Amino acid sequence: MSDIIAYKVNGEIVDTQSYKGEGGEPIVWGNSKEALEVIRHSCAHLMAAAVKELYPGAKFFVGPAIEDGFYYDMRVTKADGEKLGEDDLKDIEKKMKELAEAKFEIKKINSTKSEVAARYAADDLKQEVLKRIPDGTVSLYAQGDYEDICRGPHVPNTKMLKFFKLTRIAGAYLGGDEKREMLTRIYGTAFADKDSLKEHLTMLEEAKKRDHRKLGAEMKFFTFDEDIGMGLPIWLPNGARMRVKLEEKLYRQLRRRGYEPVRGPEILKSDAWKISGHYTNYKENMYFTLIDEQEYGIKPMNCVGHIKVYQSDVRSYRDLPLKFCEYGVVHRHEKSGVMHGLFRVREFTQDDAHIFCMPNQIKENVYEILDFVDLLMKTFDFEYEMEISTKPTKAVGDDEVWEIATNALKNALDEKGFKYGIDEGGGAFYGPKIDIKITDALKRKWQCGTVQVDFNLPARFGLSYIDENNEKKQPVMLHRAILGSFERFIGILIEHTAGELPFWLAPTQVAIVPIGEAHFAYAKEIAAKLRELDIDSEIFDKNETLNKKIRTAEKQRVPMIIVLGDAEVANRGVALRDRRAREQKNQTLEEFLNFVTTKLHEVNF
């Protein structure tokens, strides 16, 4: 079959020239996950070949396929010594099309590591690639005059690569190490057909309009300041008001579900992190300091603090489950190259909770958490799916304990008929977890909440409870965050709604627009009445035209705009513009206050 581009053999994708003809599942040309991985990886090499033709001095590091496309890291400059910019992508794309139309066969060449090292002795980036490859056979792929070290797989011929687009250019540290050289990274995407590519590019354009960094600035939610440091968000009044509303709604649900608020310190002795395993398994993500010649670590997670709350008293089986919750501020050392608005920051706040329970209480508590997840996701109109992540390479605890914990999660989901995927090796270092992945309005998937079953930390800290036979037993610890972090979730929510937040959550719910000074007193009266109803408003009283005031309110996505003129003052009414319903109507003041009160409480959360 001419449309076969690769085969899947024992879970591994191999290209047609590597296939030995024994078993395996053919991967045909199309937009399946496996096919796109092959197509996009091949496009990455096609792009590198084009760059090499246009800029012969270019040297290349790695160019993998990624979830929605591909990229290639390279060292490249133009003839005038300038770095490549967005304007250069069109030329590279044009050259890619020429090379694709040349119908070069993509050939795989197997060699030894020492032979390849000698072949690229003068190329320091290739030597860096070789350092990451085990001794033995090394494969290279060649097409036309271009050749590169690569494990593949690739399509058989460049003629198959037609529907691609270079999307952006960025900087990337060599090997992700911020202490090393900054390379040029070019991103692109590719599909099997024109319509799928067009649909994806339309989504990217819409995503640009919804970018939470752009909307966050327009709506005056948050800012970053280099004088303070990268990845440390500053919440402005609008953003802080919105965030507090979310926190308060969530807190009421927590209390209804039996959670007790606690608070642990943000800095703990390193001895505690050594007991927990963070020092060995998570140290590179933490910040440390010395106080009185004693090393302390700033917390990257809240678990140890909650363990200490548990240890503050003798616990009985009658006390369990114990549910501790905290809006815990944590710090993690993210590399500067991965910072992205609120999505990747160095300081963030988790909607964290830990449940200490008996082994026979695991299922009921997992179900309660998933019920909570379902309520929240429906409130914000998110579709979601679940994935169980298993033991990673760096982990604490015996395989037997991990198997018990993993099976506890699987059995809980299986008994209720929940659908879920498996992410092998994706668990936390102390236990397996259920990851909650939400789908936004642009069909993008985001990992947010998590539920983790942990036998290891209770054992490492010697936690116990007295059972019905007056014997000491070890509890199970469930780690649970539903939003994940307020920062990341709010960033996702802004893009999901394009800034059009629901009325109950909007930082300014009513914009009061008096036409002239004669209407200011009435505007202040209405603002005071709204404040008594816990509704936030702003009076737009600048010396501007009526249209300018309304445009400003609309740019800030205020749900309700009321205009006050002579008629409204005389009749004690309002001229209402409901931006969400796209309606305009006149109401008495009493009708309006009843209307917005109903809107405030209509959310089932």
Side-chain angles (χ1 to χ4, degrees), residues 5-7 9 12-20 27 34 36-66 69-77 84 92 95-96 99-100 102 104-158 160-161 164 166 169-177 180-188 190:
I5 59 173
Y7 290 85
V9 182
E12 182 183 357
I13 302 174
V14 299
D15 44 41
T16 54
Q17 55 195 304
S18 303
Y19 181 60
K20 304 302 182 185
I27 296 173
E34 293 86 355
L36 285 179
E37 185 177 330
V38 179
I39 292 167
R40 288 167 175 172
H41 196 172
S42 302
C43 273
H45 275 234
L46 182 66
M47 177 179 72
V51 170
K52 190 71 174 175
E53 289 230 352
L54 293 169
Y55 312 101
K59 292 187 177 181
F60 302 90
F61 183 48
V62 292
I66 54 178
F70 59 87
Y71 70 78
Y72 223 116
D73 288 348
M74 61 192 77
R75 184 190 297 134
V76 57
T77 54
L84 296 188
I92 298 171
K95 180 59 68 175
M96 287 173 69
L99 295 176
F104 291 120
E105 183 182 354
I106 301 177
K107 301 176 183 177
K108 183 176 183 180
I109 304 163
N110 289 321
S111 187
T112 65
K113 188 173 180 179
S114 57
E115 288 172 345
V116 176
R119 190 170 186 160
Y120 291 105
D123 191 328
D124 63 310
L125 291 186
K126 288 290 181 285
Q127 296 300 323
E128 286 288 341
V129 173
L130 286 168
K131 285 179 186 177
R132 292 160 169 78
I133 298 176
D135 292 337
T137 302
V138 175
S139 59
L140 301 95
Y141 282 82
Q143 54 192 59
D145 295 328
Y146 181 76
E147 175 187 287
D148 204 356
I149 302 167
C150 183
R151 65 181 181 182
H154 292 284
V155 298
N157 195 294
T158 62
M160 306 181 85
L161 307 175
F164 52 80
L166 301 185
I169 192 165
Y173 290 108
L174 176 58
D177 185 346
R180 303 198 68 182
E181 172 189 1
M182 177 76 79
L183 299 176
T184 296
R185 174 175 291 182
I186 300 178
Y187 287 92

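What you see is a predicted model, and the numbers here were worked out from it, not measured in a lab.
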Which side-chain N or O atoms in residues 47-55 pair as donor and acceptor under 3.5 Å with protein atoms at least two apart or in another chain?
{"residue": "K52", "atom": "NZ", "partner": "P56", "partner atom": "O", "Å": "3.1"}
{"residue": "K52", "atom": "NZ", "partner": "A58", "partner atom": "O", "Å": "2.9"}

Donor-acceptor pair, [X] side chain versus [Y] backbone, under 3.5 Å?
X	Y	value
R40	A190	yes
K113	I133	yes
Q127	A117	yes

Tell me the closest heavy-atom pair linking [X] and [Y], and the distance in Å.
X	Y	answer
I106	V155	CD1-O, 3.3 Å
I66	Y71	CG2-CE2, 3.7 Å
A6	T16	N-CG2, 4.0 Å
H41	C150	NE2-SG, 3.2 Å
F70	A44	CD1-CA, 3.6 Å
Y187	A170	CE1-CB, 4.3 Å

Practice item. Report, as yes or no, whether the 6.0 Å neighbourhood of atom CG on N110 holds more than 12 heavy atoms from other residues, nucleotides or ligands. Key: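 Yes, CG of N110 has more than 12 neighbouring heavy atoms, counting only those of other groups under 6.0 Å.
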
Interatomic spacing from [atom1] in [X] to [atom2] in [Y] - rounded to 0.5 Å:
X	Y	atom1	atom2	answer
L99	L46	CG	CG	6.0 Å
I92	L166	CD1	CG	6.5 Å
D73	F60	CG	CZ	11.0 Å
E181	E128	CD	CD	9.5 Å
N157	I5	CG	CD1	12.5 Å
Y72	I186	OH	CD1	11.5 Å

Check your understanding: Residues in ring-ring contact (aromatic ring centres under 6.0 Å, His included) with Y141, at least two apart?
Key -> H154

Review point. Step by step, would you call R132 with V62 a side chain to side chain contact (heavy atoms under 4.5 Å, CB included)?
Key: CA-CA 11 Å; R132 292 160 169 78; V62 292; 5.8 Å; no

Review point. Can D124 and K59 be said to form a side chain to side chain contact (heavy atoms under 4.5 Å, CB included), step by step?
Key: CA-CA 9 Å; D124 63 310; K59 292 187 177 181; 4.2 Å; yes

Point to revise | Candidate list K126, Q143, H45, test side chain to side chain donor-acceptor pair (under 3.5 Å), partner D148, passing option | key: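 That would be K126.
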
Exercise for review: Check salt bridge (charged side-chain N to carboxylate O under 4.0 Å, His left out) between R119 and all other residues, then give those that pass, not counting sequence neighbours.
Suggested key: E147

Point to revise | side chain to side chain contact (heavy atoms under 4.5 Å, CB included) between L140 and Y120, worked out | key: CA-CA 12 Å; L140 301 95; Y120 291 105; 3.7 Å; yes

